[in-house]
Amino acid sequence: FTLSLLFITIFITMKYPPYIPSSIPFLGHAIAFGRSPIEFLEKAYEKYGPVVSFTMVGKTFTYLIGSDAATLLFNSKNEDLNAEDVYSKLTTPVFGKGVAYDVPNHIFLEQKKMLKTGLNVAQFKQHVEMIEDETRKYFERWGDSGERNLFEALSELIILTASRCLHGKEIRSLLNEKVAQLYADLDGGFTHAAWLLPGWLPLPSFRRRDRAHKEIKNIFYKVIQKRRASGEREDDMLQTLLDATYKDGCPLSDNEIAGMLIGLLLAGQHTSSTTSAWMGFFLARDKSLQDRCFAEQKAVCGEDLPPVKYEQIKDLNLLDRCLKETLRLRPPIMTMMRMAKTPQVVEGFTIPPGHQVCVSPTVNHRLQDTWVHRLDFNPDRYLNENNSTGEKFAYVPFGAGRHRCIGENFAYIQIKTIWSTLLRLYEFELLNGYFPTVNYTTMIHTPHNPIIRYKHRPWTSNHS
Ligand code: HEM
């Protein structure tokens, strides 16, 4: 009786988060949010505070804005705020069954641990050399000067670098135009349509995605089986996965390995290519910053700029801060999302089960109360204590807690090596002063019309 009374009291005193009303049935705020999600959330924060709910396409979203409110999501258990419920529909057709959000979270955590073992310093040392080599070869087609689509180029390059570093030499050697098209079709599965519409609809993009998934898996199976049969051991991620076992001693199946290889490639593909492209535009906009970054190349690597080494990549501190600041202003994952399975109390409000609970790095990274000159691209802000690092979740481009990214170190190595190489090759400039606007229609916010002007950097070296 006492317990029932307690529940009744909790129920009566429960306060739901403030709700933004809408006169449009079902769609709710989808149009305003889709047009400019950041502006929408910033206004919501100003008017309603750090916890706010609204409806879009028949679903209720509750955003936790600012570091304190975000703590709920990052510290939560998967049974309470669940990731599979919101992500699986999108990721399972792409990565396949048996991995990531298709399995209970404790299994995915074991899979993440296996992947992390393969992302170690010894591997990174090899990766730097491979990435520089791929970048130089790729950009030969750009010639001495011109105006080109930077985002497109970096997307193509990053498939090559990621495949070489994360899949191994056999799979990289099979990467021709046909396979690149398969990756593109598979990647076409990451759309708002795939997230919102029923999976059984006979849409051409769904069919292309499913066919590409099958064909890519078949390619990977052959490579996995050949490696197993040869008895040869390589020092790479594929070997790590072939050798890995779950806690109960079971090895990964070929299907799981193939799914994890797809996941590795695609998790890092858009995130790294958009970040690299935005970083290029921030550098192109600021000639003196670009010159400082080039001077840093010489100071750290030597006047005649020999091929860069892992240790030097680590020591390129200004380039590091440029990347950190790019990830602050343009974090590729705009929203992390979970499904509330149990009532969740935050800042005096109770979020009921069924709400999609969200944290937006983009909004946290530019919160007025937290960041000084919040919209300025200022890599040197991290030299001062006077930034928001005191607030635990004010800066979360790679997430936090049990779903935290395992690819951060690799992404830093990859993007810094690419830009280290590009800064040596070219000087960049905005085209007629145009700094790309943000394309909000894609799931990851890409630069709109991302054309950049470049010309060969005038310096001489035996290594160029
Ligand atoms: C600039 C590059 C990247 C950014 C900004 C980024 C960002 C993120 C974020 C925000 C999350 C958390 C998602 C959530 O909590 O819902 C995440 C998770 C993850 N990322 Fe990354 N990522 C990047 C690159 C990579 C790369 C290169 C890999 C693989 C090599 C990778 C693999 C993963 C995995 C496996 C997870 C775990 C998801 C989970 O446990 O639910 N990421 N990433």
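Note that the structure is predicted; figures quoted are calculated from it, not measured. Counting convention: from 1, in listed order, for ligands and their atoms alike.
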List the residues meeting side chain to side chain contact (heavy atoms under 4.5 Å, CB included) with Glu408, not counting sequence neighbours, and say none if there are none.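 Applying side chain to side chain contact (heavy atoms under 4.5 Å, CB included) to Glu408 gives Phe398, Arg404, Tyr412.
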As an exercise, identify every atom of ligand 1 less than 4.0 angstrom from a heavy atom of [X].
X	result
Tyr101	38 (C), 39 (C), 41 (O)
Pro332	5 (C)
Tyr87	14 (C), 16 (O)

For Lys309, I'd like to know if atom NZ has over 12 heavy atoms of other residues, nucleotides or ligands within 6.0 Å.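 No - once you tally the heavy atoms of other residues, nucleotides and ligands closer than 6.0 Å, there are 12 at most.
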Within-4.5 Å side-chain heavy-atom neighbours: Leu319 and Met279: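 The answer is yes, as the side chains (C-beta and beyond) meet within the 4.5 Å cut-off.
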Counting only heavy atoms, tell me which of Arg338, Arg404, Gln414 gets closest to atom 15 (O) of ligand 1.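 Closest candidate by heavy-atom distance is Arg338.
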List the residues meeting ring-ring contact (aromatic ring centres under 6.0 Å, His included) with His167, not counting sequence neighbours, and say none if there are none.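 By the ring-ring contact (aromatic ring centres under 6.0 Å, His included) rule, His167 matches Phe220.
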His403 versus ligand 1: do any nitrogen or oxygen atoms come within less than 3.5 Å of each other?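 N/O-N/O distance under 3.5 Å: yes.
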Kindly confirm or rule out an N or O of Thr275 lying under 3.5 angstrom from an N or O of ligand 1.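 No, there is no polar N/O contact under 3.5 Å.
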Do any heavy atoms of Pro331 fall under 4.0 Å from ligand 1?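 No.
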Looking at ligand 1, does Ala83 have a heavy atom less than 4.0 Å from it?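 Contact absent.
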Centroid-centroid distance, Phe281 to Phe428, less than 6.0 Å: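 No.
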Residue and atom name of the nearest protein heavy atom (relative to [atom]), distance in Å to one decimal:
atom	result
atom 40 (O) of ligand 1	Lys112 NZ, 2.6 Å
atom 7 (C) of ligand 1	Pro397 O, 3.4 Å
atom 29 (C) of ligand 1	Leu264 CD2, 3.7 Å

Mind listing the protein N/O/S atoms less than 2.8 Å away from atom 21 (Fe) of ligand 1? Waters don't count.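 Hits for atom 21 (Fe) of ligand 1 below 2.8 Å: Cys405 SG.
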Does a salt bridge link [X] with [Y], judged by any charged N lying under 4.0 Å from a carboxylate O?
X	Y	result
Arg172	Asp236	no
Arg381	Glu325	yes
Lys43	Glu39	yes

With respect to Asn78, which candidate in His403, Arg402, His106 satisfies the side chain to side chain donor-acceptor pair (under 3.5 Å) definition?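 In the set His403, Arg402, His106, the residue that makes a side chain to side chain donor-acceptor pair (under 3.5 Å) with Asn78 is His403.
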According to the salt bridge (charged side-chain N to carboxylate O under 4.0 Å, His left out) rule, which pairs have a member within residues 351-368, sequence neighbours left out?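 Passing the test, one end in residues 351-368: no pairs.
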Would you call the rings of Tyr63 and Phe33 parallel, tilted or perpendicular if under 30° counts as parallel and over 60° as perpendicular?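 Correct class here is tilted.
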